[in-house]
Amino acid sequence: MQKGKEVVRCSSSPSDIQSHSLTPEHQASPLEDPSPQTLPSTSKVPSTKPQPWKDLFAPSKHPDSSLIFFEPLIVNGVPRAKPPPEVAAVGAQEWEKALVVFLVGKKLPGRQVKDILERKWGKVGTLSVHTSGNGVFLVKFDSPQARDWVIDNGPWDVWGYHLVVRRWSRDMTLVLEECKTIPVWVKLSRVPVQYWTKLGLSYIASVIGKPLYMDVNTTKRHSLSFARICVEMEATSSFPGTVVLEMENGCTTEIGVEYPWKPAACSLCKVFDH
């Protein structure tokens, strides 16, 4: 009996004993010879058939994913794409209720901007936020009323940074390069009522910059204490505090100009967001 114990003790290393001592019923008797190890099966595992190369380019199941081939136009031996005008017209209809927005002085991840804009603007209608790159976002609304509400209730900011808001147009680039002009809301006070018209306010605001649009209260003349107008300002602008208006009788009067938010411009490079 003592000899059998010594055989077991010599033929098994501590690691072998430890690895098999999971439960008492799996322990071998000291008198029994160690069980021979089971060799791995030599039977071959059936190999899976490789996926055909063409299946990697199988069409998507989405109904709008398929495309059509059109013969290119050859100009001086170089192929050129030339869609008919109605292609651009139909495509533009999809974005005619959209706004182009970007932050001045800050670039945030698209997911954060999307969440913030949905909280701020989602209460007036359904919207979708599309990242164009380089901090520019295209926000598409389901109605022009929702889009105009956003414009009329500006200016907007995200985490204290001014959010530039513009109506989308076909000729608008979605790449933010050197920002030499920027839309700014201004308040014009002491405007004579006979000039409280679209043309009259356009003449006055043109002294400051390029007039873009009025807010809803100014358009409907709910209050004549001040006119609120969005003006595209140049980085070289001095942002005047008054505008001289020469009236129909030859007399002049000063129109007060206030800027709820004034962008900072680099005095050397003459650009915004520098």
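What you see is a predicted model, and the numbers here were worked out from it, not measured in a lab.
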Handout entry: 4.5 Å side-chain heavy-atom contact, Thr253 and Met247
Key = yes
Handout entry: Arg119 bridged to Asp115 by N-O distance under 4.0 Å
Key = no
Problem - Gap separating the CG atom of Leu103 from the CH2 atom of Trp159, nearest 0.5 angstrom - result: 10.0 Å
Handout entry: Linked hydrophobic residues, Phe69 as query - side chain contacts closer than 4.5 Å
Key = none
Fill in the blank from the handout: What one should report as the nearest heavy-atom pair of Leu212 and Pro183 is CD1-CB, 3.9 Å
Problem - Reported CD1-to-OH distance for the pair Ile255 and Tyr203, which is rounded to 0.5 angstrom - result: 15.5 Å
Handout entry: Contacts of Tyr213 that satisfy ring-ring contact (aromatic ring centres under 6.0 Å, His included) - sequence neighbours left out
Key = Trp185
Exercise for the section: Using the test salt bridge (charged side-chain N to carboxylate O under 4.0 Å, His left out), find all partners of Glu118 that sit at least two apart in sequence or belong to another chain. Expected result: Lys114
Completion exercise
Looking only at heavy atoms, the pair that brings His130 and Ser128 closest together is NE2-OG, 2.8 Å
Practice task
For residues Val165 and Val101, determine if any side-chain heavy atom of one lies less than 4.5 Å from a side-chain heavy atom of the other.
Solution key: yes
Handout entry: Spacing of Asn217 atom CG and Ser225 atom OG [to the nearest 0.5 Å]
Key = 9.5 Å
Handout entry: Nearest non-hydrogen partners of Ser202 and Lys198, listed with the distance
Key = OG-O, 2.6 Å
Exercise for the section: Establish whether Phe226 and Ile204 are linked, either directly or via other cluster members, by ILVMFWY side-chain heavy-atom contacts under 4.5 Å. Expected result: no
Problem - Arg147 side, atom CZ; Asp152 side, atom CG - distance, nearest 0.5 Å - result: 10.0 Å
Completion exercise
In short, Gly110 meets Thr131 closest at the heavy-atom pair CA-OG1, 4.2 Å
Handout entry: Hydrophobic cluster identity match, Val193 and Leu188, side-chain contacts under 4.5 Å
Key = yes
Problem - Any Leu245 side-chain heavy atom under 4.5 Å of Pro192 side chain - result: yes
Handout entry: Separation between NZ of Lys210 and CD1 of Ile208, rounded to the nearest 0.5 Å
Key = 15.5 Å
Practice task
Return the set of residues passing ring-ring contact (aromatic ring centres under 6.0 Å, His included) with Tyr259 (not counting sequence neighbours), or none when no residue passes.
Solution key: Phe239
Exercise for the section: Indicate the atoms forming the closest heavy-atom contact of Ala146 with Gly125, along with that distance. Expected result: CB-CA, 4.5 Å
Show every donor-acceptor pair shorter than 3.5 Å between a side-chain atom in residues 73-99 and any protein atom, with sequence neighbours excluded, or say none if there are none.
{"unit_1": "Glu94", "atom_1": "OE2", "unit_2": "Lys140", "atom_2": "NZ", "d": "3.2"}

Problem - Single-linkage hydrophobic cluster Trp149~Val216, side-chain heavy atoms < 4.5 angstrom - result: no
Problem - Heavy-atom closest contact (Leu138 atom, Trp168 atom, distance) - result: CD1-CD1, 3.8 Å
Problem - Listed once per pair and sorted, the salt bridge (Lys or Arg N to Asp or Glu O under 4.0 Å) pairs that draw on residues 156-172, sequence neighbours left out - result: Asp148-Arg167, Arg166-Glu232
Practice task
Check whether any side-chain heavy atom of Val113 lies under 4.5 Å from a side-chain heavy atom of Val158, and answer yes or no.
Solution key: no
Problem - Side chain proximity check, Glu246 to Val244, heavy atoms < 4.5 angstrom - result: no
Exercise for the section: Classify the ring geometry between Trp121 and Trp156 as parallel (under 30°), tilted (30 to 60°) or perpendicular (over 60°). Expected result: perpendicular
Problem - Test side chain to side chain donor-acceptor pair (under 3.5 Å) applied to Tyr195 and Glu248, step by step - result: CA-CA 10 Å; Tyr195 294 99; Glu248 71 279 6; 2.6 Å; yes
Practice task
Starting at CE of Met214, measure out to NZ of Lys220 and round the result to the nearest 0.5 Å.
Solution key: 12.0 Å
